[in-house]
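Here, residue 1 is the first one in the sequence, and each next residue gets the next number. Counting convention: from 1, in listed order, for ligands and their atoms alike.
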Amino acid sequence: MNTVAHQILVQPTVSSRLLELDLQNLSFGQVFSDHMFLAEYHDGQWQSAQIIPYGPLPMTPATSVLHYGQAVFEGMKAYKSPIGQPLLFRPQANYQRINQSAQRLCMPPVPEDLFMAGLLELVRLDADWIPNQSNTALYIRPIYFANEETIGLRPATRYQLAMIACPVGSYYADPVKLLVSQNYVRACVGGTGAAKVAGNYAASLRADQEAQAQGYDNVLWLDAIHRKYIEECGTMNLAFVMDQVVITPPLSGTILPGITRDSVLTLFRDLGLEVEERLISIDEVVAADRAGILKEAFGMGTAATIAPISQISYQGQDMRLPPATEFQYANLVLDKLEAIKTARVPDPYGWVMKL
Ligand SMILES: *Cc1c(COP(=O)(O)O)cnc(C)c1O
């Protein structure tokens, strides 16, 4: 064992599983890299920061997260540059967001040096797990949850931070088909929709399952009050291209402030394209489809990057979008974003962190 900066104890594995990795058949979230980062918060302090071989965490059935769900997470990707240097895309944005999510659930803030040191050390140690074919990456999943042994309902006094990593391929094999949910809502004003809170996803599973039973991939969520304005879909923010304008719902407090969304809007604006962040009703999308000006619809998120949408169903009517190969805006921004993330073009934004 040896100690690196910020007192992270590093215990490297003695038996790497890297050779078992099938790079040609990467699915999403099934295979985990050799190591994981752990840190604990108790007695009012962060402690026991360590990187150890990936494996189970001990806990009892009284662990508070299992009862009241104080759990938040993040998702980011590591890539390799053309010369094989490990790269992270906007990790500080994930750091800031995990603390915004934590704050919503009364969890103590994670110190920046702890988060960044753990992240960088984990990615360095498991750098050989970063695949470098197109559409692949090492997905890093920080999780942060209450692990006090109590079933009393109150913010816990003990927490666990962990980071695990998985080499991943494409999230969706094909363009995505969305069903507008009429029976369920994802988030409401004053709720937790803007935080990456585990419970949001548990609450969404039923609607997704019903959509999948009807042949759709995911649900398109409408706002909880008017049941009219488009919010987002499962793990992605949404954008539409109508005529020559990119339109996306505003960050109103009920949708997740996506880092991909922010990056895409920045790139579009800097390309001189027209971008509108505003309320967009499902009726407006239906009308645009009828008028023939709905050119593109796509999801934006770290896992899927840019996911073209082929179909949206609302009240029994299917809107079909042009083939994804004809999506000029989505393909343009996808190429640009991937080139920046893999350091194949200069990064004028300071988004890429080289390790
Ligand atoms: C994570 C997530 C997104 C996308 O955020 P990114 O930072 O781009 O990965 C969008 N919507 C929801 C609900 C999410 O959980």
Quiz prompt | Min N/O separation Lys196 to ligand 1 under 3.5 Å | solution = yes
Exercise. Compute the ring centroids of Tyr139 and Phe28, then answer whether they are less than 6.0 Å apart.
Key: yes
Exercise. List every atom of ligand 1 that sits less than 4.0 Å from any heavy atom of Thr302, numbering the atoms from 1 in the order shown and giving each element.
Key: 6 (P), 7 (O), 8 (O), 9 (O)
Quiz item: For ligand 1, which atoms sit closer than 4.0 Å to a heavy atom of Gly258?
Solution: 5 (O), 6 (P), 7 (O), 8 (O)
Quiz item: Is there a donor-acceptor contact under 3.5 Å linking the side chains of Asp126 and Tyr54?
Solution: no
Quiz item: How close does the nearest protein non-hydrogen atom get to atom 8 (O) of ligand 1, and which residue and atom is it?
Solution: Thr260 OG1, 2.6 Å
Quiz item: Which residue holds the protein heavy atom closest to atom 4 (C) of ligand 1, what is that atom called, and what is the gap in Å?
Solution: Thr235 O, 3.6 Å
Quiz item: Can you tell me if Glu74 has a non-hydrogen atom under 4.0 Å from ligand 1?
Solution: no
Quiz prompt | Distance-only side-chain donor-acceptor flag, Thr13 / Asp34, under 3.5 Å | solution = no
Self-check item: Heteroatom distance test (Leu256, ligand 1): nitrogen or oxygen, under 3.5 angstrom
Solution: no
Practice problem: Test the Lys341-Phe89 pair against the cation-pi criterion, namely NZ or CZ under 6.0 angstrom from the six-membered ring centroid and within 45° of the ring axis. | Solution: yes
Exercise. Measure up the Trp351 and Tyr349 rings against each other and bin them: parallel (under 30°), tilted (30 to 60°), perpendicular (over 60°).
Key: parallel
Quiz item: Under 3.5 Å, N or O to N or O, is Arg97 touching ligand 1 that way?
Solution: yes
Exercise. Run the ring-centre check on Tyr159 versus Tyr144 and record whether the distance is less than 6.0 Å.
Key: yes
Quiz item: For ligand 1, which atoms have a heavy atom of Tyr201 less than 4.0 angstrom away?
Solution: 12 (C), 13 (C), 14 (C), 15 (O)
Quiz item: Taking atom types as modelled, is there a side-chain donor on Tyr216 or Asp208 under 3.5 Å from an acceptor on the other?
Solution: no
Quiz item: Which heavy-atom pair separates Tyr172 from Asp217 by the least distance, and what is that distance?
Solution: CE2-CB, 4.5 Å
Practice problem: Run the contact test for Ser263 against ligand 1 with a 4.0 Å cut-off on heavy atoms, strictly below, and give the result. | Solution: no
Quiz item: What part of Glu232 sits under 4.0 Å from ligand 1 if we count only heavy atoms: the side chain, the backbone, both or neither?
Solution: side chain
